[in-house]
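One structure below.
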4 protein chains.
Amino acid sequence: MAREDLVEQRRRDITLAAFKVFAQRGYHETGIADIARELGVGHGTFYRYFANKRDIVARVVDMAVERIAEVVASESPELAQTVEEYRAQVERIGRALFDLFIDDPQLARIFFFESAGVDRELSEHMLETNEVFGAVTERYLENGVSKGFLRADLDIPVTARAINGMIFAGALAAFRSGSPASVRDRWSRAVADLIIGGARA
Amino acid sequence: MAREDLVEQRRRDITLAAFKVFAQRGYHETGIADIARELGVGHGTFYRYFANKRDIVARVVDMAVERIAEVVASESPELAQTVEEYRAQVERIGRALFDLFIDDPQLARIFFFESAGVDRELSEHMLETNEVFGAVTERYLENGVSKGFLRADLDIPVTARAINGMIFAGALAAFRSGSPASVRDRWSRAVADLIIGGARA
Amino acid sequence: MAREDLVEQRRRDITLAAFKVFAQRGYHETGIADIARELGVGHGTFYRYFANKRDIVARVVDMAVERIAEVVASESPELAQTVEEYRAQVERIGRALFDLFIDDPQLARIFFFESAGVDRELSEHMLETNEVFGAVTERYLENGVSKGFLRADLDIPVTARAINGMIFAGALAAFRSGSPASVRDRWSRAVADLIIGGARA
Amino acid sequence: MAREDLVEQRRRDITLAAFKVFAQRGYHETGIADIARELGVGHGTFYRYFANKRDIVARVVDMAVERIAEVVASESPELAQTVEEYRAQVERIGRALFDLFIDDPQLARIFFFESAGVDRELSEHMLETNEVFGAVTERYLENGVSKGFLRADLDIPVTARAINGMIFAGALAAFRSGSPASVRDRWSRAVADLIIGGARA
DNA sequence: GATGAATGAGCATTCATTCAT
DNA sequence: CATGAATGAATGCTCATTCAT
């Protein structure tokens, strides 16, 4: 492996260790020494790969966001031709995210809690991340409207962010209980139902 | 005013000062001295009314939650007799919350950011708060189902929390931009639309 | 004693403790904790009175410079009417400085060694201090020239600094050995001889 | 070149690099890595030629002292036969030292500032160096006395060190301003005047 | 009751030094 | 021989908390 790759590998190792420790103890309760100990290296080593503590929390959060984004990216916004196909997509994404957070509750801790309360800049960054997810959902809605299976008068930007709000609420629910698969399916079904047909009798 | 009331008044003053400073600088960046200075008292005084720093952030967050809860409580879950009345309620709550966060962005900072990343206990507390809000929304849905204007097969607990997720997404949007009233109305309408009739064409 | 005086008193106490410890161990070998321990206070106390470590070394050096300046200021540059009176002044100043450094070798350590090697700024400050001492000696020479007992063609600025160089060399000699009074008198006499009449046969 | 010479050459290279960096940033602000970087080698290499950081500062200071000593050694203490020849020697040495410090201000930084404040041992070493310079100047005075052109009652050891004090004051002046040649000549003349004939009218 | 001086636990960060490659 | 990755001792500094006045 080339030098650069080794450095990148080391960075990844440290980021993973930090991910774990931040999730367990929280960012502010975690000392650099805790991260180093988790990895079994001297804490001076940390500073060979990261400029400071603030530096790594950004990486950790980005790693969390990326893992979530990967799930979302596994579906294609322009794919659905009918409302049934769209509903299936929504359910698949919902279930996949649910599983993601059930499989790794630390991911939720980082994403929902530790990414807040670090500093202004990171909070701002998370708001932007929220916008990015919003833009993705917009594309699904645009597809539905242009294909004619979603209402033509849909307020796409707002509705997209509202839908994401539901999805995050579901992710939080997944994290909250060690929810079994049945809960996951109830969530994805209920959210899909609401998106498609609403709650009206 | 009785002795006890005076004490309670002082506590409220300090909480308000802390609310302001936490929102501005963040919980972890704020020192007890900052809170005391904001109030123009010696920082020893703080400890006559609160046990420690952790103590007050709980109060501050509770204050934020209460202000939000007040808005929600201004509507009555069992009131709506028709789907139109329900929709009107949803829109009113949405607009009121939107206004709340627009009028006081510090409230959003506390509620969305500073309440996270303090410690495990407070995070847990916020999850419970989320449950409480969920229970409230459940009552609206139960009312709708029992009155027959909402689907009988609605998964009430899950849908309630999903709806709240949308509302929080809206609150975040309100915070994000200094959104004008027009945005507020788009949000409350879009969310109500989705709840009532879904997005299907 | 007023509040402000107490603060100033404390500052002086700490400066004295730092003076002692810096002289013993050297600035760079001294930790804030050492200064605090010398004084028998917690090291947090230090930071109530000084902004940082750099802050106090400036005070310590200034204290040293002031004590030296006091000795110099005890004579009056315009007083001497004859070369004999001037010579007497030179010898008195020489002896007084010699005694000062013999009585408190720590003063010499601070002045000659610890004031250097801290940082650029302090070195610059010491060069300026040197200029101030130079200006004082200039006044003695100006007096001598105007009274006619020193050469009219004297290069006053340069000669003043050269004379100070001799005096500092003497101070260093005082510091070096625990020189007895006899050495002190040899120095002040030899320097005065050189200033007045030179070394020529 | 023999093995040993190569090693010695390397040592010299490193010493020169350290000389430069110490003069620029100061001993305490300089890391071994800075020296290595200046030389374009790995910082591990440093430890193949020097035992530790303390080791090299001694070499650097010695190098500075040697360069000064070389200038002094270019004159011969026993050469002067008359007071005019002695004065010429004094002026030549003065001008040469002045030029030395003007041409390489880093030399002054090392000699006057960085040699102090390292540790007790190096300070002691500099005091001894001062003695060595004192002994050299003594020989000039002894020559003058024995040749009869300097006072027989001269306190040679003390006067020698006093004269050196003037010379160092001049060196400091050279360093201080980027002094032009005119200042140099004023200094060497004024110092020689004082040594030979004093300041008396 | 109010105050703020005193305190020291706690932590991020640096950097001289070692040593495996 | 050269290198630089790894290390951890060392330290400046902050700030929540206490308590004498």
Side-chain angles (χ1 to χ4, degrees), chain A residues 3 6-7 9-10 14 28-37 39-56, chain B residues 3 6-7 10 14 27-37 39-57, chain C residues 3 6-7 9-10 14 27-37 39-57, chain D residues 3 6-7 10 14 27-37 39-57:
Chain A
R3 160 81 59 82
L6 278 174
V7 166
Q9 181 56 42
R10 209 85 166 97
I14 297 174
H28 290 283
E29 294 311 300
T30 298
I32 297 300
D34 296 318
I35 299 172
R37 201 175 311 117
L39 212 57
V41 301
H43 70 270
T45 304
F46 171 88
Y47 286 94
R48 291 189 57 75
Y49 296 95
F50 292 93
N52 49 45
K53 194 183 172 186
R54 177 57 219 299
D55 202 14
I56 201 176
Chain B
R3 165 79 59 86
L6 278 173
V7 166
R10 208 86 159 98
I14 297 175
Y27 171 71
H28 290 284
E29 294 311 300
T30 298
I32 297 299
D34 295 319
I35 300 172
R37 201 177 312 117
L39 212 57
V41 302
H43 71 273
T45 305
F46 171 88
Y47 285 92
R48 300 196 59 75
Y49 296 94
F50 293 92
N52 49 43
K53 192 183 174 187
R54 178 54 179 67
D55 200 15
I56 201 176
V57 74
Chain C
R3 161 81 60 82
L6 278 175
V7 167
Q9 181 56 41
R10 209 84 165 98
I14 296 174
Y27 172 71
H28 289 283
E29 294 310 301
T30 298
I32 297 300
D34 296 318
I35 299 171
R37 201 174 312 115
L39 212 57
V41 302
H43 70 273
T45 303
F46 171 88
Y47 286 96
R48 291 189 56 76
Y49 297 94
F50 293 92
N52 51 44
K53 192 182 173 186
R54 179 56 221 300
D55 202 14
I56 201 177
V57 76
Chain D
R3 165 78 58 86
L6 278 173
V7 167
R10 207 86 160 98
I14 297 175
Y27 171 71
H28 290 281
E29 294 310 299
T30 297
I32 296 299
D34 296 318
I35 299 171
R37 199 176 314 116
L39 211 57
V41 301
H43 71 271
T45 305
F46 171 89
Y47 286 93
R48 300 196 60 76
Y49 297 94
F50 293 92
N52 50 43
K53 193 182 173 187
R54 179 54 178 67
D55 200 16
I56 201 176
V57 74

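Because only heavy atoms are used, hydrogens play no part in the values below, and waters and symmetry mates are left out as well, while side chains stay in. Chain letters run A, B, ... following the sequence lines, proteins first and then strands; every chain starts at 1.
Taking atom CD1 of Ile56(C) as the reference point, atom C1' of dG12(F) lies 14 Å away to the nearest angstrom. Spacing between atom NE2 of His28(D) and atom P of dT11(F) amounts to 13 Å, rounded to whole angstrom units. We find that OH of Tyr27(B) is positioned 13 Å from P of dC15(F), with the value rounded to whole Å.
Extent of DNA chain E lying under 4.0 Å from chain B heavy atoms, first and last nucleotide in 5' to 3' order, is dG1(E) to dA5(E).
Heavy atoms of Arg10(B) sit under 4.0 angstrom from primed sugar atoms or phosphate atoms, though from no base atom.
Taking for each of Ile32(A) and Gly40(B) the nucleotide of DNA chain E with the nearest heavy atom, the 5'-most of the two is the partner of Gly40(B). When each of Gly31(B) and Lys53(C) is assigned the nucleotide of DNA chain F with its nearest heavy atom, Lys53(C) is the one assigned upstream, toward the 5' end.
By the side-chain hydrogen bond (donor to acceptor under 3.5 Å, both in side chains) test, Arg54(D) is found to be paired with Asp119(D), residues two or more places apart in sequence or in another chain being considered. Applying the side chain to side chain contact (heavy atoms under 4.5 Å, CB included) rule to His28(B) yields the partners His28(A); only residues at least two apart in sequence or on another chain are considered. Arg10(C) meets the salt bridge (Lys or Arg N to Asp or Glu O under 4.0 Å) test with no other residue; sequence neighbours excluded. Residues that satisfy the salt bridge (Lys or Arg N to Asp or Glu O under 4.0 Å) test with Arg37(D), not counting sequence neighbours, are Asp34(D). Scored by the side chain to side chain contact (heavy atoms under 4.5 Å, CB included) test, Phe50(C) finds Arg11(C), Ile14(C), Thr15(C), Phe46(C), Asp55(C), Ile56(C), Arg59(C) as partners (sequence neighbours excluded).
Non-hydrogen atoms lying under 4.0 Å from DNA chain F are contributed by His43(C), Tyr47(C), all within residues 41-50 of chain C.
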* So what is the 5' to 3' dot-bracket string for DNA chain F, if pairs are Watson-Crick or G-U wobble with both distances under 3.5 Å, crossing pairs use [ ] and | means the partner sits on another strand? -> .||||||||||||||||||||
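Contact record, His43(D) with Ala36(D): CA-CB, 3.4 Å, taken as the closest heavy-atom pair.
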